[in-house]
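Right, one structure below, let's go through it.
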Amino acid sequence: MRWSRALIPTHKEDPSHAETVSHKLMLRAGLIRRLTSGVYNYLPLGWRVVRKVEAIVREEMDRIGCQELLMPVISPSELWQETGRWNVYGKELWRVHDRNGREFALGPTHEEVITDIVRNEVRSYRQLPFTLYQIQTKFRDEIRPRFGVVRAREFIMKDAYSFHENDDSLSVTYDAMYDAYCRIFDRCELDYRPVEAATGAIGGSASHEFMVLCDTGESEVIVCECGYAATDERAEGLIATVMPPEEPLSAEPVDTPGMKTIEDVSLFLGMEPWRLIKTIVYVADGEPVVALIRGDRDVNEEKLAGLLGASMIEAAPPAVVEKVTGAPVGFAGPIGLSGVKLMVDNSVEPLVNAVVGGNAVDVHIRNVTPGRDFSVDGYCDIARIGKGDLCCKCGKTLDSFRGIEVSQVFKLGTKYSDSMKATFLNENGKAMPFVMGCYGLGVSRTVAAIIEQHSDEYGIMWPMSVAPFEVEILAVKFKNEKVREASEQLYDELRAAGMDVLLDDRHDSPGVKFKDADLIGVPVRVTIGERGLKEGTLEIKMRRTGEQRDVAIEEATAEIVKIVEEARA
RNA sequence: CGGGGCGUGGCGCAGCCCGGUUAGCGCGCCUGCUUUGGGAGCAGGAAGUCGGAGGUUCGAAUCCUCUCGCCCCGACCA
């Protein structure tokens, strides 16, 4: 490509509304342009990178025997009704209707559609297992689009779905997919960690997320030196006890006028927050549930939902709280509750002489001891675990890091095949539900993640494997006949050798070209100018290492081809 | 959705509090000449219904009301 003919609109200044490195650089280097909130145009340079990432994904999917197909973006609501996700998915599901008022979803993921295909086309266990995938534009009406392409409402995703006779077969594919993802992210030269994950709206029994390490990432990962790693939504752990040994005293009510929060009550009574027991009313799949946890900790709603087997959970609205506790929000406590399930976190067990809500206006109860003053069926782990807590595997202190979630894999089991009645005949002629796995990978997000990890103050530093161009020929003073001839010749030779080459043939000053070259981050820069030509040389400079050297013109093509081929993943 | 902020040529901003000629500045863009190894110089030029609607006023980018859009912080997820 000749720069003079290319649409590569670079900017000198940072865009005003971008915060993160990748967002700024994608805009400045002319990779993307925003169309509206969370929706982006991929300009030619950005699209080239997307295509390179896609190519790597395709190679690795095909390597493990997956087949590519393409499903529609639009799918009818009926399919989503079958699995219940038309309701469960919530506002994030982007809904549209046709001229007859019939409702459709813009696909956020395609379990329903793929299951529909397979239930119609696959009859026998002899056809199993297999894996189908597509690379396609997805839609999620995110509450808050953010960080450019990292959290967009329209984005590019690779989604794969595997179908099996049984769990063992699923595990084989799951592991193969896990390995394929490692190869993909290795080839993108990302520093990443696979971690245990919660299953969320997609569902299923086991899941991992691949996290790219990045301080501005939206996800928090809890890690232990023993190797345990999980998202903060998923992480299990132990909360260190801070309760000193104490003689239990008799429970008694105490006036707490207007004190509705843990902070209020602890200040008012002059007690540390951990001496309080936080009582929170939730509604899980329509049923009220009460959760108890130590006052200085938060409930992990994903874990709570998991233990309850609920698909939807949310904090109860005030009316429900009043109905359950008999008091307005702020005075809920476990004593005297009836007809409602009580979920008590492990952190509550060691407490003695704790403070709880009195289930009456402006009243709390102190000197409460769990098990004595209210009955507990059993303790469970519903706490949000964080840095400083103790590892559930080895007991050591946990650490954390932030990351960008670039992919997530799930063992779905029969969640979708059951609800959609997707079955095959096993060797005994019996109809069995398909055992399924699904495997998502955010392609456009991966591009942003690569930039987060590969840039400096001057711009992007692409890994060779995904660079929009592998070589940029920077012609200083393109007007000069000798410069032009040498540049054109090298350009032709490199292209003939199969290189992706960008020739900066613009008549701009050298400074502009050097700055732009650094900004768009092509890995190999070849500078051709009068100065070098006098000596019969040109300069090769590596964007990432800064390493540069002069090479004789006759040897240049071979030398550059060698550099590029060695660096290709 | 709650909280905070912002909408002024393509980009980045000033002007707004305290209303008053042709709405400025930097970058970019066009023409010409000179220049060309790290964002060149000179000369000339094009480009803005000041997000939109309504109102107050002799007069509104500026004040008031409504509205739309965008960004940031929290609850969702690849």
Side-chain angles (χ1 to χ4, degrees), chain A residues 9-20 23 27-28 30 33-39 57 89-93 108-110 135-160 181 197-202 207 209-212 217-219 231 233 298 301-302 312-315 403-410 438-449 458-459 474-480 483 506-519 525 527-534 538-539 541 548 550:
Chain A
T10 59
H11 284 306
K12 210 167 177 173
E13 292 171 288
D14 273 340
S16 61
H17 56 273
E19 297 288 320
T20 56
H23 191 193
L27 289 163
R28 279 192 61 206
R33 287 292 182 261
R34 192 192 67 216
L35 183 59
T36 184
S37 178
V39 178
V57 170
Y89 220 107
K91 288 186 178 170
E92 201 179 316
L93 186 63
T109 174
H110 281 235
I135 297 176
Q136 187 204 37
T137 298
K138 297 288 192 244
F139 293 83
R140 294 184 190 178
D141 194 0
E142 296 284 352
I143 291 170
R144 183 150 93 87
R146 226 197 304 214
F147 303 147
V149 124
V150 169
R151 175 166 303 280
R153 295 195 292 174
E154 174 176 335
F155 59 100
I156 301 165
M157 183 166 114
K158 187 279 308 185
D159 45 323
Y181 276 25
T199 51
I202 307 228
S207 179
E209 291 180 11
F210 286 73
M211 294 288 186
V212 170
E218 295 179 280
S219 307
T231 64
E233 296 161 347
D298 293 317
E301 294 175 13
E302 289 82 3
M312 214 159 61
I313 190 161
E314 57 183 359
I404 297 174
E405 179 198 343
V406 287
S407 73
Q408 186 166 10
V409 295
F410 300 83
C438 78
Y439 318 90
L441 188 156
V443 174
S444 37
R445 180 180 279 188
T446 297
V447 171
Y458 303 108
L474 195 157
V476 178
K477 204 172 169 184
F478 193 69
K479 268 185 184 163
N480 179 287
V483 170
R506 295 175 298 174
H507 295 292
D508 283 293
S509 70
V512 170
K513 294 185 168 195
F514 285 125
K515 292 290 184 190
D516 270 348
D518 289 345
L519 179 59
R525 188 187 80 193
T527 305
I528 299 181
E530 288 176 290
R531 206 168 74 186
L533 289 181
K534 275 186 195 145
L538 42 72
E539 177 201 283
K541 181 168 183 180
Q548 66 179 71
D550 291 343

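Numbers restart at 1 for each chain; the letters A, B, ... are given by sequence-line order, proteins then strands. Source: prediction; values computed, not measured.
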Pairing partner (Watson-Crick or G-U wobble, both distances under 3.5 angstrom) of B/U22 | none
Separation between the P atoms of B/C77 and B/G69, rounded to whole Å | 25 Å
Euclidean distance, atom CG of residue A/Asp298 to atom C1' of B/G74 [Å, nearest integer] | 13 Å
Return the nearest nucleotide to the side chain of A/Arg34; candidates are B/C70, B/A78, B/C76.
-> B/C70
What integer number of Å spans the P atoms of B/A47 and B/G4?
-> 41 Å
Base, sugar-phosphate, or nothing: which does A/Tyr439 touch, judged by heavy atoms less than 4.0 Å apart?
-> nothing
Identified pairing partner of B/U56, criterion: Watson-Crick or G-U wobble below 3.5 Å | none
Taking only N and O in the side chain of A/Arg144, is any of them less than 4.0 Å away from OP1 or OP2 of B/C72?
-> yes
May I ask which nucleotide in the shown strands pairs with B/C42, Watson-Crick or G-U wobble, both distances under 3.5 Å?
-> B/G32
Protein-nucleotide distance (A/Asp141, atom CG; B/A78, atom C1'), rounded to Å | 16 Å
Between P of B/C72 and CZ of A/Arg146, the distance in whole Å | 8 Å
In whole angstrom, give me the gap between the P atoms of B/A14 and B/G5.
-> 16 Å
Indicate, with a heavy-atom threshold strictly under 4.0 Å, whether A/Val443 touches base, sugar-phosphate, or nothing.
-> nothing
Between B/C25 and B/C18 - P atom distance, rounded Å | 27 Å
C1' spacing across the pair B/C50 / B/G38, given as an integer number of angstrom = 37 Å
d(CD, A/Glu19; P, B/C71) in whole Å = 11 Å
Who does B/C1 pair with, Watson-Crick or G-U, both distances under 3.5 Å?
-> B/G74
Decide yes or no for A/Pro108 and A/Glu92: does some side-chain heavy atom of the first lie under 4.5 Å from some side-chain heavy atom of the second?
-> no
Given the C1' atoms of B/C6 and B/U21, what is the spacing between them in whole Å?
-> 30 Å
Pairwise N/O distances under 3.5 Å, protein to nucleotides 5-7 of chain B:
none

Reported CG-to-CZ distance for the pair A/Asp141 and A/Arg153, which is rounded to 0.5 angstrom | 5.5 Å
Enter the distance from A/Thr109:OG1 to A/Gln136:CD here, rounded to the nearest 0.5 Å.
-> 9.5 Å
Identify whether any heavy atom of A/Ile143 sits under 4.0 Å from a base atom; if not, whether one sits that close to sugar-phosphate; answer base, sugar-phosphate or nothing.
-> base
Could you pull out the closest heavy-atom pair between A/Glu405 and A/Ser219, with the gap in Å?
-> CB-OG, 4.1 Å
Tell whether A/Arg151 reaches the base of B/C77 with its side chain through a donor-acceptor pair below 3.5 angstrom.
-> yes
What is the distance from CD of A/Glu302 to C1' of B/C76, rounded to the nearest Å?
-> 9 Å
Rounded off to whole Å, could you give me the CD-to-P distance for the A/Glu218 and B/C77 pair?
-> 12 Å
Inter-nucleotide P distance (B/C68, B/A53), Å rounded = 15 Å
Side-chain N or O of A/Ser16 closer than 4.0 Å to phosphate OP1/OP2 of B/C13 = yes
How long is the span from the CG atom in A/Asp518 to the NZ atom in A/Lys541, to the nearest 0.5 Å?
-> 6.5 Å
To the nearest Å, how far apart are A/Glu314 CD and B/C1 P?
-> 17 Å
B/C6 pairs with which nucleotide, Watson-Crick or G-U wobble, both distances below 3.5 Å?
-> B/G69
Identify whether any heavy atom of A/Ala152 sits under 4.0 Å from a base atom; if not, whether one sits that close to sugar-phosphate; answer base, sugar-phosphate or nothing.
-> base
Can you measure from OG1 (A/Thr137) to CE (A/Met157) and round to the nearest 0.5 angstrom?
-> 11.0 Å
Residues that A/Phe155 engages under ring pair (Phe, Tyr, Trp, His ring centres under 6.0 Å), provided they are two or more places apart = none
Per-nt protein contacts along nucleotides 36-41 of chain B (heavy atom under 4.0 Å; B base, S backbone sugar-phosphate only, - none) come out as BBBBS-
Any strand, both distances under 3.5 Å, Watson-Crick or G-U wobble: B/G48 pairs with none
Looking only at side-chain N and O atoms, does A/Ser407 come under 4.0 Å of OP1 or OP2 in B/A78?
-> no
Taking atom P in both B/U62 and B/U8, compute the distance separating them and give it to the nearest angstrom.
-> 14 Å
Which part of the nucleic acid does A/Ser444 contact within heavy-atom distance under 4.0 Å: base, sugar-phosphate only, or nothing?
-> nothing
Does a side-chain N or O from A/Ser37 land closer than 4.0 Å to OP1 or OP2 of B/G69, or not?
-> no
Once you round it to whole Å, what is the distance between P of B/A78 and CG of A/Leu93?
-> 14 Å
